[in-house]
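Input: a single structure, listed below in structure tokens.
Values below: every heavy atom of this structure, side chains too, minus hydrogens, waters and symmetry copies. When a residue number appears, it is its place in the shown sequence, counting from 1.
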Amino acid sequence: MTLSPAAAASSNANALLAETVRATEADPLDAAYLEGLCREIDGRITRGDAMIGILPVQAYDVLVRGYVAAALAGRTEVWTLLGQRLLDLPFGRPPALPSPHPFPAGEDEILDAALRCFAEAARHGSRQGAYRFAAAGRPAVRRVGPYALTLLEPLLADDPTGEASYWSGITHYLLGNGGTALGYHERAAAAGNADAMFELHVLYGTGDTVPRDDVAARQWLMRAADREHPRALYNIAAGHATGQGFPRDEAAAAGWYERAAIAGSPRAAATLGVMCLLGSGVTTDPARAARWLDQAEEQGFDVSGWLEQLGLSRPS
């Protein structure tokens with residue numbers, strides 16, 4: 001009997017989960033092999049196999065248990081993968097982790113579990129663990145920000161990309177230390193960090209922590225855009241579209257929106273899709289509009305809701 005493609009995929013998924021459970025419980029445990037199995041499950045969840053029923057509902061629990069086992073067995077970067085997975089799919093109870101909170105506990109168990117994973121990765125020397133801790137901890141910065149700074153501080157001495165300085169600046173700003181944040185962003189920007197350049201654009205443009213300086217704000221915006229920073233590219237596109245800060249020019253706006261979309265901005269992709277649909281600054285092209293709108297939706301943008309607000313129908 002030949003299985004249908006859907007049945008074959010489901011059978012393959014069940015076999016993957018069964019092998020992951022076996023590898024998780026194996027003694028001795030092959031951590032590298034287990035990590036590979038978990039990454040395969042993670043990839044399938046990311047592409048939507050659980051949403052359409054190809055992956056069974058227990059896939060998430062199997063993945064989390066496998067990641068925990070591999071991480072505890074010495075696969076340091078798995079702590080970062082696990083933390084991100086907990087944030088991306090925050091349902092169910094978080095895993096029981098053996099180490100105590102290295103920061104004050106809060107009411108959000110999922111967030112705290114993810115932060116503990118990032119902290120554990122950082123404790124084992126992972127720069128990404130420290131950066132992810134600072135990023136994920138922003139909603140609870142008063143509680144966890146001081147600990148984020150302790151994770152970032154050892155990375156500042158050797159910071160060729162400026163990322164440690166950038167996240168130090170973000171954390172200090174959120175803690176209310178604007179002057180200190182400015183210094184860190186300047187240091188990160190000097191290292192070529194586009195995120196820091198964009199932050200300096202915002203600070204100078206709003207007069208926050210520094211005297212307002214529209215010339216400096218524009219310079220930092222353009223420097224960030226030169227490095228294909230998606231928000232910088234989007235802002236320039238919007239400036240051309242509205243005539244605010246740039247000459248009003250729909251064709252120029254479309255070009256900048258396309259650069260922003262290619263750089264990863266879902267809002268830019270959605271905007272460009274609408275421009276292609278309406279022929280604003282570009283030739284009317286429903287097929288091209290559909291491609292940009294699909295990209296925006298794949299990146300999490302609510303395309304249907306936005307088109308409804310605009311009174312537009314999605315191109316077929």
[X] atom [atom1]: more than 12 heavy-atom contacts under 6.0 Å:
X    : atom1 : result
F301 : CZ    : yes
Q58  : CD    : yes
R127 : CZ    : yes

Q) Are the aromatic ring centres of Y184 and Y166 under 6.0 angstrom apart? A)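 Centroid distance Y184-Y166: not below 6.0 Å, so no.
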
(Q) What verdict does the side chain to side chain contact (heavy atoms under 4.5 Å, CB included) test give for T46 and R85, after you've listed the backbone C-alpha separation in whole Å, the side-chain angles of each residue and the deciding distance to 0.1 Å? (A) CA-CA 10 Å; T46 299; R85 177 50 59 201; 3.0 Å; yes

Q. Taking the six-membered ring of Y204, is NZ or CZ of R218 closer than 6.0 Å to its centre and within 45° of its axis?
A.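 No, R218 does not lie over the aromatic ring of Y204.
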
Q) Of all heavy-atom pairs between L203 and V210, which one has the smallest distance, and what is that distance? A)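 Heavy atoms of L203 and V210 come nearest at O-CG2, 3.7 Å.
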
Q) Of all heavy-atom pairs between A121 and T76, which one has the smallest distance, and what is that distance? A)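 Smallest interatomic distance, heavy atoms only, reads O-CG2, 3.9 Å.
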
(Q) Within the 3.5 Å criterion, strictly below it, is a donor on Y33 or E19 matched to an acceptor on the partner's side chain? (A)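 Yes, because at least one side-chain N or O of Y33 sits under 3.5 Å from a partner of the opposite role on E19.
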
**Q.** Chi angles and distances behind the side chain to side chain contact (heavy atoms under 4.5 Å, CB included) call for L97, E120
**A.** CA-CA 10 Å; L97 302 175; E120 193 67 15; over 6 Å; no

Q: Determine, using the 4.5 Å side-chain heavy-atom cutoff (strictly less than), whether L81 and L37 are members of one ILVMFWY cluster.
A: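 Same cluster.
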
Q: Could you label the plane-to-plane angle of the H201 and F198 rings as parallel, tilted or perpendicular, counting under 30° as parallel and over 60° as perpendicular?
A: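 Because their plane-to-plane angle lies in the 30° to 60° range, the rings of H201 and F198 count as tilted.
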
Q.
What I want to find out is whether R288 reaches E258 closely enough, with some N-O distance under 4.0 Å, to be called a salt bridge.
A.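 Salt bridge: yes.
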
Q | Evaluation steps, side chain to side chain contact (heavy atoms under 4.5 Å, CB included), between E297 and R314 | A | CA-CA 12 Å; E297 190 165 65; R314 190 161 186 161; 3.1 Å; yes

